[in-house]
Amino acid sequence: MIEQILKNKIALALQQLYQIEISDANVVIEKTTSDFEGDFTFVVFSYLKQTKKGPEQTAQQLGEFLLAQVDEVASFNVIKGFLNLVVAQQYWLNFINQHHHQPNFGFVTKPTGQKILVEYSSPNTNKPLHLGHIRNNLLGYAVAQILSANGHQVSTCNLVNDRGIHICKSMLAWMQHGNGETPETNNLKGDHLVGKYYVLFDKQFKAEQKQLIEEGLTPEQAEKQAPSIIAAQELLRKWEANDTETVNVWKTMNGWVYQGFDASYKMLGITFDKYYYESNTYLLGKEIVEEGLAKGVFFKKPDGGVWIDLTEDGLDQKLVLRADGTSVYITQDLGTADLKYADFDCNKSIYVVGNEQDYHFKVLQLILKKLGRPYADGVYHLSYGMVELPEGKMKSREGTVVDADDLMAAMIEQAEETTIELGKTEGLPADDLNDLYNMVGLGALKYFMLKVDPKKKMLFNPKESIDFQGNTGPFIQYTHARIKSVLRNASAANLSLQFDATEVNLSKVEKELIITLHDFPSQLADAGNQYSPGVLCNYVYDLAKVYSHFYHEHSVLKETNTHQQALRLQLCTLTAEIIRSSFQLLGIKVPERM
RNA sequence: GGCCCUAUAGCUCAGCUGGAUAGAGCACCGGUUUUCUAAACCGUAGGUCUCAGGUUCGAGUCCUGAUGGGGCUACCA
């Protein structure tokens, strides 16, 4: 790529002209702002002390050096300390000619040797997935795909939180009020059925608390003494004692939930290489506590609880094992971290988990480091912000959640309405239309969630639904469909894809399009390095916009210069391919027509 | 109390390791269809980048402090 050549030669120039020693990796060049002539810009200000010359003079000398030494540099101009370099048209034409028909252009095919495990989704099995889970799932899936496209060996896993007091709450309510109701008898999706009883428990629990408070108890007392919660805790004890009936109910209800989750995951288009279940892992980590005590990393308090003192690292003291010998969250996570490392031998382990657990993961990584785990440095918490509604935070127990299944269905329905409204249904069979509604509705949803910087909280307004115009998934899908249409027509007319470089002229927008296409590999790398699908979203949107501009300025099929036409066809081909492959990484499908 | 995140146009968001006149979309107003798909394109308008200092050739970006919003931290996961 040209950037590398330029950096290399700039480093050489600095060394030969001014005896400045700098590695080409540290040379920074950027794309020239559109208001100025040139393709790449090198800013000389920071080198002036060493060159002992003025900015214009320094830039001028560097420009002359590059012009003489680098074939690809056609000309240059200097404005203050900015050296603008113009790359020869031949370079751009060669680039498009070489890569226009390369599938998965920009993907790293040579393995980096890095093994990465991405844990995401990690749902509780007491209620259906909601909007927040959608963000998690899409992020985890997309990040795994992007890392894979960057040449890493990526695996994914889902740590299912299938035990604990919250599950017992749903179980209890079902045992009390379910009358044997099942997903089949009621034709209700399994996870929704279980969620219904979770809400029912909470209602009952709240009512009991209210009554106890009226009877003179404090709110704290009422919360602890309500019959429901006592019964749920009893159920948890029975579960831990492996009581047959309890375990059977637990298995049955979790089974319903898994069926429901599978359907939702399928709809979302996400998969996992491995499932971990907390019921199998929740006892892990106790040996590590022993190990830590022996190593002096942990210490025991008089009551028997085991702690770690992280005050020197700017954190607090943290409990790692209760006085009664039972685990806390971090105990299990230590054990699970070891387990994952044993299973996958990964040098990078990514946890896609909400930002309310920032502190927890800081602690986890710190403990792993202090224990001398070889994989500790590779632990990375991909923290994402909450999805908020206009009314504020979602509360699953209060029913103010946006359900994942409902939302997806609503998006697809919206896509259908809009498609019909625009009269785009002509000539397509019903099956294809249904596929299209799915692609567009889910594409809108996915793009909407992925384009936002993960660490920022985001606002989702279900009433306004999601736009299909502007910076959206459907706009980009539409761009793809239009290109495909052009390519279909071109193929029907047997148009040539070969051009002679001496017979073509690059217009401004054609060149802009080539430069944007050329930039894809580095954007993909950025998205990988930053674990941010948003980088890719913004890039593809930018590409689609540049293409649209090109589309409106030039016609392809009616171009009479066959060389120029071939060039344009190549531009179309590569644009469509990059849109397709990028969207694939984001988990979004692209239609051939829409 | 301590720690973390965040603040950019009326709204939702970009702005990469500091670079030239801070960008999109939506909404608003105006224009474009004998031209390969108008879910499109073009144009107008909209900004003290929360505030105050500092670092330097140069700050939306880095540092310090203040304020607003969110989160975590007191044996839940």
task: Take atom C1' in B:C13 and the same atom in B:G47, then report the distance between them in whole Å.
output: 15 Å

- prompt: Mapping A:V556 and A:P454 onto RNA chain B by nearest heavy atom, which one lands closer to the 5' end?
  reply: A:P454

Who pairs with B:C49 - Watson-Crick or G-U, where each distance is under 3.5 Å: none

task: Select base, sugar-phosphate, or nothing to describe what A:H480 touches, counting heavy atoms under 4.0 Å on all strands.
output: nothing

- prompt: Which value, in whole Å, describes the distance between the P atoms of nucleotides B:G71 and B:C26?
  reply: 32 Å

task: May I ask you to test the A:Y531-A:P454 pair for a side-chain heavy-atom distance under 4.5 Å?
output: no

- prompt: Between B:A77, B:U17, B:U37, which nucleotide has the shortest distance from any of its atoms to the side chain of A:V28?
  reply: B:U17

- request: Determine the Euclidean distance between corresponding P atoms of B:C16 and B:C11; express it in Å to zero decimal places.
  value: 22 Å

field: Under 5.5 Å and under 30°: A:F82 stacked on B:A20
entry: yes

message: Check the orientation of A:Y447 and A:F583. Use parallel for under 30°, tilted for 30 to 60°, and perpendicular for over 60°.
response: tilted

- prompt: Touch check for A:V452, heavy atoms < 4.0 angstrom, all strands: base, sugar-phosphate only, or nothing?
  reply: sugar-phosphate

message: Just the rounded figure in Å: distance from P of B:C72 to CG of A:L315.
response: 16 Å

- prompt: A:L459 near the nucleic acid: base, sugar-phosphate alone, or nothing, with a heavy-atom cut-off under 4.0 Å?
  reply: sugar-phosphate

query: Touch check for A:M458, heavy atoms < 4.0 angstrom, all strands: base, sugar-phosphate only, or nothing?
result: sugar-phosphate

query: Now, which nucleotide makes the Watson-Crick or G-U wobble pair with B:A24, with each of the two distances under 3.5 Å?
result: B:U12

statement: Atom CG of A:D24 and atom P of B:U17 are separated, to the nearest Å, by 21 Å

- prompt: Across the strands shown, which category fits A:T472 at heavy-atom distances under 4.0 angstrom: base, sugar-phosphate, nothing?
  reply: nothing

message: Using modelled atom types and a 3.5 Å cut-off, is there a donor and acceptor pairing between side-chain atoms of A:H480 and backbone atoms of A:P591?
response: yes

field: Closest-nucleotide ordering on RNA chain B, the 5'-leading residue of A:G314 and A:M594
entry: A:G314

field: Separation of atom OH in A:Y547 from atom P in B:A40, rounded to whole Å
entry: 15 Å

task: Tell me, with the steps shown, if A:D162 and A:S279 meet side-chain hydrogen bond (donor to acceptor under 3.5 Å, both in side chains).
output: CA-CA 6 Å; A:D162 64 341; A:S279 53; 2.6 Å; yes

- prompt: Quick one: A:H360 NE2 to B:U73 C1', roughly how many Å, whole number?
  reply: 14 Å

message: Taking B:C76 as the reference, what is the distance to B:G65 when you measure between their C1' atoms (whole Å, please)?
response: 36 Å

Candidate nucleotides B:U37, B:A24, B:U35, ranked by approach to the side chain of A:K558 - the nearest: B:U35

query: Hey, is the side chain of A:S555 poking within less than 4.0 Å of OP1 or OP2 on B:U35, counting only N and O atoms?
result: no

- request: Indicate whether OP1 or OP2 belonging to B:A38 is found under 4.0 Å from a side-chain N or O atom of A:R482.
  value: yes

- line: Out of B:G70, B:A39, B:A74, minimum distance to the side chain of A:K424 belongs to B:A39

query: Roughly how many Å is it from NZ in A:K31 to C1' in B:U17, rounded to a whole number?
result: 15 Å

- prompt: Which whole number of Å gives the distance between the C1' atom of B:C57 and that of B:A20?
  reply: 13 Å

- prompt: For the rings on A:Y198 and A:H166, is their centre-to-centre separation under 6.0 Å?
  reply: no

- prompt: Is the distance from OP1 or OP2 of B:A14 to the nearest side-chain N or O of A:K456 less than 4.0 Å?
  reply: yes

query: On the ring face of A:Y551, is A:R482 found with NZ or CZ under 6.0 Å from the centre and within 45° of the axis?
result: yes

- request: Would you mind classifying the nucleic acid contact of A:D303 as base, sugar-phosphate or nothing, using non-hydrogen atoms under 4.0 angstrom?
  value: base

Residue A:T41, side-chain heavy atoms: nucleotide from B:A40, B:A38, B:A20 that is nearest: B:A20

message: I'd like the P distance from B:A14 over to B:A9, given in whole Å.
response: 13 Å

- prompt: So among A:T33, A:T41, A:D39, which one has a side chain to side chain donor-acceptor pair (under 3.5 Å) with A:N84?
  reply: A:T41

field: A:I330 CD1 to B:U73 C1', straight-line distance once rounded to whole Å
entry: 13 Å

- prompt: Contact class for A:K362 vs. all strands (heavy atom < 4.0 Å): base, sugar-phosphate, or nothing?
  reply: sugar-phosphate

message: Between A:N438 (side chain only) and A:N434 (backbone N and O only), is there a donor and an acceptor less than 3.5 Å apart?
response: yes

- prompt: If you look at every strand shown and take non-hydrogen atoms under 4.0 Å, does A:V328 touch a base, only sugar-phosphate, or nothing?
  reply: sugar-phosphate

- prompt: When we call it a touch if two heavy atoms are under 4.0 Å apart, what does A:A490 touch: a base, just sugar-phosphate, or nothing?
  reply: nothing

message: Tell me whether the NZ or CZ atom of A:K340 lies within the 45° cone about the ring axis of A:Y351 and under 6.0 Å from its centre.
response: yes

query: Has A:F45 got its ring stacked on B:G58, by the test of a centre gap below 5.5 Å and a plane angle below 30°?
result: no

task: Name the pairing partner of B:C72, where a pair is Watson-Crick or G-U wobble with both distances under 3.5 Å, or state none.
output: B:G2

- request: For A:D453 and B:G23, give me the distance from atom CG to atom P, rounded to whole Å.
  value: 21 Å

- request: Report the nucleotide, chosen from B:A77, B:C4, B:G70, that has the shortest atom-to-atom distance to any side-chain atom of A:R322.
  value: B:A77

- line: Atom CD of A:E416 and atom P of B:A39 are separated, to the nearest Å, by 17 Å

- request: Have a look at A:H549 and say if it touches a base, only the backbone sugar-phosphate, or nothing, with a 4.0 Å heavy-atom cut-off.
  value: sugar-phosphate

query: So what does A:N84 hit on the nucleic acid, given a heavy-atom distance under 4.0 Å: a base, only sugar-phosphate, or nothing?
result: base

query: Of the nucleotides B:U37, B:C16, B:C57, which has the atom closest to the A:Y551 side chain?
result: B:U37

Among B:A40, B:C72, B:A20, the one nearest A:Y478 by side-chain distance: B:A40

- prompt: Are the charged groups of A:D202 and A:K206 less than 4.0 angstrom apart, N to O?
  reply: yes

field: B:G60: pairing nucleotide in any strand, Watson-Crick or G-U under 3.5 angstrom
entry: none

message: Would you measure the distance from the C1' atom in B:A22 across to the matching atom in B:A59 and give it in whole Å?
response: 12 Å

task: Remember a base hit wins even if backbone is also touched, and classify A:Q477 as base, sugar-phosphate or nothing at under 4.0 Å, heavy atoms.
output: nothing

- line: Among the nucleotides B:A20, B:A39, B:A77, whichever has the atom closest to the side chain of A:E278 is B:A77

message: I'd like the C1' distance from B:C28 over to B:G43, given in whole Å.
response: 14 Å

query: If we call it a pair only when both distances are under 3.5 Å in a Watson-Crick or G-U wobble match, what pairs with B:C41?
result: B:G31

task: Side chain of A:S485 only, please: which of B:U37, B:C16, B:U6 is the nearest?
output: B:U37

task: For A:F448, answer base if it contacts any base atom (sugar-phosphate contacts may also be present), sugar-phosphate if it contacts only those atoms, and nothing otherwise; contact means non-hydrogen atoms under 4.0 Å.
output: nothing

- line: Checking B:U37, B:A7, B:A74 against the side chain of A:N489 (C-beta onward), the nearest is B:U37

